[in-house]
K.L.:
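Here you go, one structure.
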Amino acid sequence: MTPIETRTRVVFLQHPREADVAVGTARMAHLSLPRSELFVGVHWEGTRALERIFADPERPPAVLYPGEGAIDVMTHPPAHPITLVVIDGTWAQARKIANQNPALRALPRYAFSPPRPSAYRIRSEPDERYVSTIEAMSYVLGALEGEPERREHH
């Protein structure tokens, strides 16, 4: 894995059932981002992970998760660096984490529409509009860092 330095702080919140999946991509993405953090769990209130999410006043937190009120990060990226909270798991697991943590629900939410279907063939996505965590990171960090072509995966 080639390390990628970013202005964006990335904190992965991974569902416990996903943590032991050998073909999961959040761990790969985490290993590629030297200053990222990866925490495993479902409930985050009062945890070290949540403290870390809010720890950097220069990089306010936002969640990468689709849904009502989500801002399209590709067309409206923030004007300043952020702490990007990435929820990792199956769609059902990610929904559980997003819905059961009031502090996460209170954060600004970003989403995006991938320009093409997932190229990750080891696991299939339930919908052609979905991509793996590592692919999502490639697209979103391209938008956040202002270098979409450099971060584009193939």
Side-chain angles (χ1 to χ4, degrees), residues 1-15 18-19 23-41 44 47-91 93-99 101-120 123 125-154:
M1 312 243 42
T2 304
I4 301 169
E5 291 294 332
T6 63
R7 292 183 313 275
T8 304
R9 233 178 104 227
V10 179
V11 178
F12 295 96
L13 300 181
Q14 188 176 57
H15 192 280
E18 195 67 14
V23 294
T25 64
R27 179 144 177 80
M28 290 182 237
H30 168 59
L31 292 172
S32 293
L33 300 168
R35 291 185 281 180
S36 68
E37 296 178 272
L38 186 140
F39 297 96
V40 178
W44 299 101
T47 65
R48 181 174 169 261
L50 204 58
E51 289 172 12
R52 298 290 298 150
I53 288 168
F54 290 98
D56 187 350
E58 298 296 315
R59 290 176 176 81
V63 176
L64 178 62
Y65 189 77
E68 188 177 329
I71 300 164
D72 185 336
V73 71
M74 306 304 264
T75 57
H76 297 92
H80 50 76
I82 64 170
T83 296
L84 184 65
V85 180
V86 180
I87 300 172
D88 179 65
T90 64
W91 282 100
Q93 293 165 350
R95 185 172 27 260
K96 182 176 183 177
I97 291 171
N99 290 336
N101 290 279
L104 296 179
R105 283 196 321 265
L107 294 176
R109 185 180 282 194
Y110 284 103
F112 72 103
S113 295
R116 63 185 139 288
S118 177
Y120 189 63
R123 290 172 85 176
E125 296 294 337
D127 186 295
E128 71 176 20
R129 295 170 296 161
Y130 301 165
V131 296
S132 67
T133 299
I134 200 165
E135 290 170 310
M137 295 309 306
S138 175
Y139 291 125
V140 172
L141 286 174
L144 293 174
E145 302 287 313
E147 305 173 302
E149 62 288 337
R150 183 173 153 228
R151 308 230 188 263
E152 186 75 16
H153 69 281
H154 299 285

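Bear in mind that the values here come from a model prediction, so they are computed numbers and not experimental data.
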K.L.:
Does the side chain of Glu145 pick up a donor-acceptor pair with the side chain of Thr8 at under 3.5 Å?
P.N.:
yes
K.L.:
Please report the closest heavy-atom contact between Ala98 and Arg105, naming both atoms and the distance.
P.N.:
O-CG, 3.0 Å
K.L.:
Check the pair Glu37, Phe12 against side chain to side chain contact (heavy atoms under 4.5 Å, CB included), reporting the backbone distance first and the verdict last.
P.N.:
CA-CA 6 Å; Glu37 296 178 272; Phe12 295 96; over 6 Å; no
K.L.:
I'd like to check Leu144 versus Pro78 (side-chain heavy atoms, cut-off strictly below 4.5 Å). Are they in contact?
P.N.:
yes
K.L.:
Can you list the steps and then say if Thr6 with Leu33 is a side chain to side chain contact (heavy atoms under 4.5 Å, CB included)?
P.N.:
CA-CA 8 Å; Thr6 63; Leu33 300 168; 4.0 Å; yes
K.L.:
Arg35: what forms a side chain to side chain donor-acceptor pair (under 3.5 Å) with it, not counting sequence neighbours?
P.N.:
Glu5
K.L.:
Tell me, do Leu84 and Met137 make a side-chain contact under 4.5 Å, heavy atoms counted?
P.N.:
yes
K.L.:
Identify the two heavy atoms, one from Ile97 and one from Gly41, that lie closest to each other, and give their separation to 0.1 Å.
P.N.:
CD1-O, 3.7 Å
K.L.:
Can you name the closest pair of heavy atoms from Pro61 and Pro108 and give their distance?
P.N.:
O-CD, 3.5 Å
K.L.:
What is the minimum heavy-atom distance between Ala19 and Gln14, and which atoms define it?
P.N.:
CA-OE1, 3.3 Å
K.L.:
Which distance, rounded to the nearest 0.5 Å, do you find between the CD1 of Ile4 and the OG of Ser138?
P.N.:
7.5 Å
K.L.:
Any side-chain heavy-atom pair from Leu64 and Ile87 closer than 4.5 angstrom?
P.N.:
no
K.L.:
More than 12 foreign heavy atoms under 6.0 Å from CZ of Arg48: is that the case here?
P.N.:
no
K.L.:
How are the rings of Trp44 and Phe39 set to each other: parallel, tilted or perpendicular (split at 30° and 60°)?
P.N.:
perpendicular
K.L.:
Step by step, work out the side chain to side chain contact (heavy atoms under 4.5 Å, CB included) result for Leu13 and Leu104.
P.N.:
CA-CA 11 Å; Leu13 300 181; Leu104 296 179; 3.7 Å; yes
K.L.:
Locate the shortest heavy-atom distance separating His80 from Pro60; write the atom from each residue and the value.
P.N.:
CE1-CG, 3.5 Å
K.L.:
Return the CZ to CG distance between Arg109 and Leu107, rounded to the nearest 0.5 Å.
P.N.:
9.5 Å
K.L.:
Side chain to side chain donor-acceptor pair (under 3.5 Å) with Asn99: which residues, sequence neighbours excluded?
P.N.:
none
K.L.:
Under the side chain to side chain donor-acceptor pair (under 3.5 Å) rule, collect the residues that match up with Arg59, sequence neighbours excluded.
P.N.:
Asp56
K.L.:
I need the minimum non-hydrogen distance between Pro34 and Pro3, along with the two atoms involved.
P.N.:
CG-CB, 3.8 Å
K.L.:
Please state whether the rings of Trp91 and Tyr65 are parallel, tilted or perpendicular, taking 30° and 60° as the class boundaries.
P.N.:
tilted
K.L.:
Just to verify, which of Asp72, Val140, Val63, Ile82 counts as forming a side-chain contact (heavy atoms from CB on, under 4.5 Å) with Tyr110?
P.N.:
Ile82
K.L.:
Assess the residue pair Thr90 and His15 against the criterion (side chain to side chain contact (heavy atoms under 4.5 Å, CB included)); give the C-alpha distance rounded to whole Å, side-chain angles, the decisive distance to 0.1 Å, and a yes or no.
P.N.:
CA-CA 8 Å; Thr90 64; His15 192 280; over 6 Å; no
